[in-house]
Amino acid sequence: KAGVTQTPRYLIKTRGQQVTLSCSPISGHRSVSWYQQTPGQGLQFLFEYFSETQRNKGNFPGRFSGRQFSNSRSEMNVSTLELGDSALYLCASSYRQGPYEQYFGPGTRLTVT
Amino acid sequence: SQQGEEDPQALSIQEGENATMNCSYKTSINNLQWYRQNSGRGLVHLILIRSNEREKHSGRLRVTLDTSKKSSSLLITASRAADTASYFCATDGNSGAGSYQLTFGKGTKLSVIP
């Protein structure tokens with residue numbers, strides 16, 4: 001099976017802009033979770049989608065949002081970008097909902113200038 | 001806040017030696033997982049151990065779990081240069097209202113010197 005894919009792999013944006021990241025899970029996986037990884041805060045959970053519904057949300061401001069489509073593909077949107085949003089954004093898929101074995105994509109490296 | 005905390009933060013060993021990493025956590029868990037991350041890339045799941053298990057093996061990996069001490073350890077035997085990576089423990093903390101999320105520690109950076 002093909003692994004989790006994320007696009008784009010690298011992105012440079014300016015403060016105040018918005019960005020949309022995309023994630024395609026492993027075929028048959030219905031759960032998609034998003035994480036932010038920074039040197040200072042480490043890996044932090046953003047949200048989880050399962051069957052097109054957000055099932056769980058981390059402690060991030062409302063500027064961070066997401067959605068999942070009927071084919072389980074997911075997008076994450078960050079509006080009004082701040083310098084502190086520079087990070088590696090990781091998407092992970094799983095067969096079932098919840099904190100079980102996750103299959104991660106390679107990530108999108110977002111740089112905000 | 002981080003649920004799991006790995007120790008040490010960094011570890012450097014010679015190829016062929018064993019590497020041991022520890023993880024401590026704060027609240028009760030259903031399971032604990034270990035992941036590996038090569039520099040700047042996605043994480044790879046290594047092993048999941050349930051709260052009612054004490055030890056689990058997978059190839060050269062051995063994981064132990066002591067729920068009374070809220071701690072786990074990951075042992076990599078006969079290390080190879082290819083084992084050079086960051087290793088994270090992840091726990092399923094209760095995020096409220098009966099929902100659980102995977103919470104990662106800050107990781108142990110392992111360097112295996114050929």
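Keep in mind that what you see is a predicted model, and the values were worked out from it rather than measured.
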Steps toward side-chain contact (heavy atoms from CB on, under 4.5 Å) verdict (B/Leu43, A/Leu43): CA-CA 11 Å; B/Leu43 282 74; A/Leu43 270 155; 3.7 Å; yes

Enter the distance from A/Phe104:CZ to B/Arg41:CZ here, rounded to the nearest 0.5 Å. 16.0 Å

Examine whether an atom of A/Tyr103 lies under 4.5 Å from a heavy atom of chain B, and if so say whether it belongs to the side chain, the backbone or both; otherwise answer neither. neither

To the nearest 0.5 Å, how far apart are CD in B/Gln101 and CZ in A/Arg55? 16.0 Å

Verify the distance criterion only: is there a donor paired with an acceptor across the side chains of A/Gln102 and B/Gln33 at less than 3.5 Å? no

Might you confirm whether atom CZ of A/Arg15 has over 12 heavy atoms from other residues, nucleotides or ligands at distances under 6.0 Å? no

I'd like to know whether CG of A/Asn59 has more than 12 heavy-atom contacts from other residues, nucleotides or ligands below 6.0 angstrom. no

Other residues, nucleotides, ligands: >12 heavy atoms within 6.0 Å of B/Gln9 CD: no

Count the heavy atoms of every other residue, nucleotide or ligand shown that sit under 6.0 Å from OH of A/Tyr95, and state whether that count exceeds 12. no

Sidechain-backbone polar pair: B/Lys106 side chain, A/Gly40 backbone, donor-acceptor under 3.5 Å: yes

Is the number of heavy atoms from other residues, nucleotides or ligands within 6.0 Å of NZ (B/Lys56) greater than 12? yes

Counting only heavy atoms not in B/Arg50 (residues, nucleotides, ligands), do more than 12 fall under 6.0 Å from its CZ? no

Can you tell which part of B/Leu48 gets under 4.5 Å to a heavy atom of chain A, answering side chain, backbone, both or neither? side chain

side-chain contact (heavy atoms from CB on, under 4.5 Å) partner of B/Leu102, the single match among A/Tyr100, A/Phe45, A/Tyr35: A/Tyr35

Does B/Arg60 have more than 12 heavy atoms from other residues, nucleotides or ligands lying within 6.0 Å of its CZ? yes

The reported gap from CG in A/Leu90 to CD in B/Gln37 (rounded to nearest 0.5 angstrom) is 6.5 Å

Residue part contacting chain B, namely of A/Gln97, when any heavy atom lies under 4.5 Å: neither

